[in-house]
Amino acid sequence: MDDELLAVGDRIRSRMPFGMSQRQLAERVNMKTDALSRALNGQRGFSSVELARIADELGTDLYWLVTGDPDPHRVRIAARHRWDAGQGLRINPGRQHDDEILQRVAVTYEAAFPEGPSPSMSLPDNAPAMREILGEHFVRSYGEVVEDRLGVDVVRLPMLSTDYSLSIGSRAIVILATTPYWFRSNWSLAHELAHFALGHHGGESEPGEKDEAPADHFAAELLLPEALIAGQDWKRMDQRGVAELLWQTGVSTMALKNRLASLGVQVAAEVAAALKQTTPNLIRANAGEDQGAIGGAKQVIVRQQQSAARVFPTVLVDALQRRVESGAVSPEHLAWVLDVPVDQIDFPEPDDDQDFVDAYEQVLAARPSHADLEEWLATTNSQPAQ
């Protein structure tokens, strides 16, 4: 009796729904009941076809059934959804378009990390603990701090209709749509971190509607903790005070207004008037040239530019550069990440070593053409979500 075969059988049993018999499973995957029983008990091996059918029937991951480990390339996605009052639900109308960009990100990670990216650290499941790890002034360099202290990659890309969290294997990645409105990106980053921290990427399906409210609550606790709100004198605060608080916490007037309402905080008329303004107008109006909390209009522009810039995590760029320089992958991956023409990427030239020349020609031949990429994306998008 083989211990590895027994382990596969145990994993299959753990995924069988309550009430499902071995006979029922055998019928659904076109196996004889006796053959399934012997395989589950380690007395015979499963064929690859049998395991694929079982994984499909049980709605589980084939890689995990075979190895007991998460698939290092399995992709799970969660998206920010806007509230549609007419339909009474959250919607993401741009998902079909965004999927092409998300798949390109996944392909890029696979090129950089052929064995799968390294796992992210286990995130604390409560906002105060995460805030303590990030530090008091983390919104000043939010993305960099998240990468350095949480091991979560942050990508910023144009042309996305909304923001996403993406897990590849056990690597956590947040993908933000570029925008000069940093406060929107800050909230989205907190919201997507919540999906990871609360285990919404750990199931067999993507995070769903039921996960949105807990993620929003987590984001509110992370960016506007109750203790911080309670420590303000809302009866005496003026508009400049509101603007400086928004700058320090990195949130919008709407986010602060909603947070105050949820905590039942009564505010002065001047605070209420400030919260009716748009965030950029309020902050610009109170960004003097002195060295106050905001530090002048220049700092506002710098924060806008940082939020609107196309960015990939340094760990990904470094891995891609190493693999391109070794001739292991096409330079087109690195060109896309750096947003430059492919002919600007240094690529090893063949020398007199015939083995190297052969390897070089193989890499060139393997370069994906534009047509290849479109065909791959069309095939991927036509498959049901995993």
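Numbering of residues begins at 1 and proceeds along the displayed sequence.
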For Gln321, which residues count as a side-chain contact (heavy atoms from CB on, under 4.5 Å) partner, sequence neighbours excluded? Val317, Glu325, Leu334
For residues 146-153, which side-chain N or O atoms pair as donor and acceptor with protein atoms under 3.5 Å away, sequence neighbours left out?
from   : atom 1 : to     : atom 2 : distance (Å)
Glu147 : OE2    : Val154 : N      : 3.2
Arg149 : NH1    : Ile133 : O      : 3.4
Arg149 : NH1    : Leu134 : O      : 2.6
Asp153 : OD1    : Arg171 : NH2    : 2.8
Asp153 : OD2    : Tyr109 : OH     : 2.7
Asp153 : OD2    : Arg171 : NE     : 3.2

So which of Ile12, Leu65, Leu5, Val66 actually passes side chain to side chain contact (heavy atoms under 4.5 Å, CB included) with Phe46? Ile12
Steps toward side chain to side chain donor-acceptor pair (under 3.5 Å) verdict (Asn281, Thr278): CA-CA 5 Å; Asn281 285 346; Thr278 66; 3.1 Å; yes
With Glu57, which residues qualify under side chain to side chain donor-acceptor pair (under 3.5 Å), at least two apart? Arg28
Please enumerate all residues that pass salt bridge (charged side-chain N to carboxylate O under 4.0 Å, His left out) together with Glu221, with sequence neighbours excluded. Arg259
Pair Trp247 + Trp182: ring centers closer than 6.0 Å: yes
Looking only at atom types and distance, does a side-chain atom of Asp98 sit under 3.5 Å from a main-chain N or O of Leu160, one as donor and one as acceptor? no
What distance separates Asp211 CG from Leu198 CG, expressed to the nearest 0.5 Å? 8.0 Å
Donor-acceptor pairs under 3.5 Å, side chain of residues 306-315 to any protein atom, not counting sequence neighbours: which ones?
from   : atom 1 : to     : atom 2 : distance (Å)
Ser307 : OG     : Thr179 : O      : 2.6
Arg310 : NH1    : Trp336 : O      : 2.8
Arg310 : NH1    : Val337 : O      : 2.9
Arg310 : NH2    : Trp336 : O      : 2.9

Tell me whether the count of non-hydrogen atoms from other residues, nucleotides or ligands lying under 6.0 Å of CG in Asp233 goes above 12. yes
Please indicate whether Met254 has more than 12 foreign heavy atoms, meaning atoms of other residues, nucleotides or ligands, lying under 6.0 Å from its CE. no
Flag the pair Asp10 and Arg13 as a salt bridge only when some basic side-chain nitrogen lies within less than 4.0 angstrom of an acidic carboxylate oxygen. yes
Quick check: are there more than 12 heavy atoms from other residues, nucleotides or ligands sitting under 6.0 Å from CD of Gln24? yes
With a 3.5 Å cut-off and no angle check, do the side chains of His137 and Gln248 form a donor-acceptor pair? no
With Glu27 via side-chain contact (heavy atoms from CB on, under 4.5 Å) - residues at least two apart: Arg23
If the threshold is 4.0 Å, N to carboxylate O, is there a salt bridge linking Glu50 and Arg44? yes
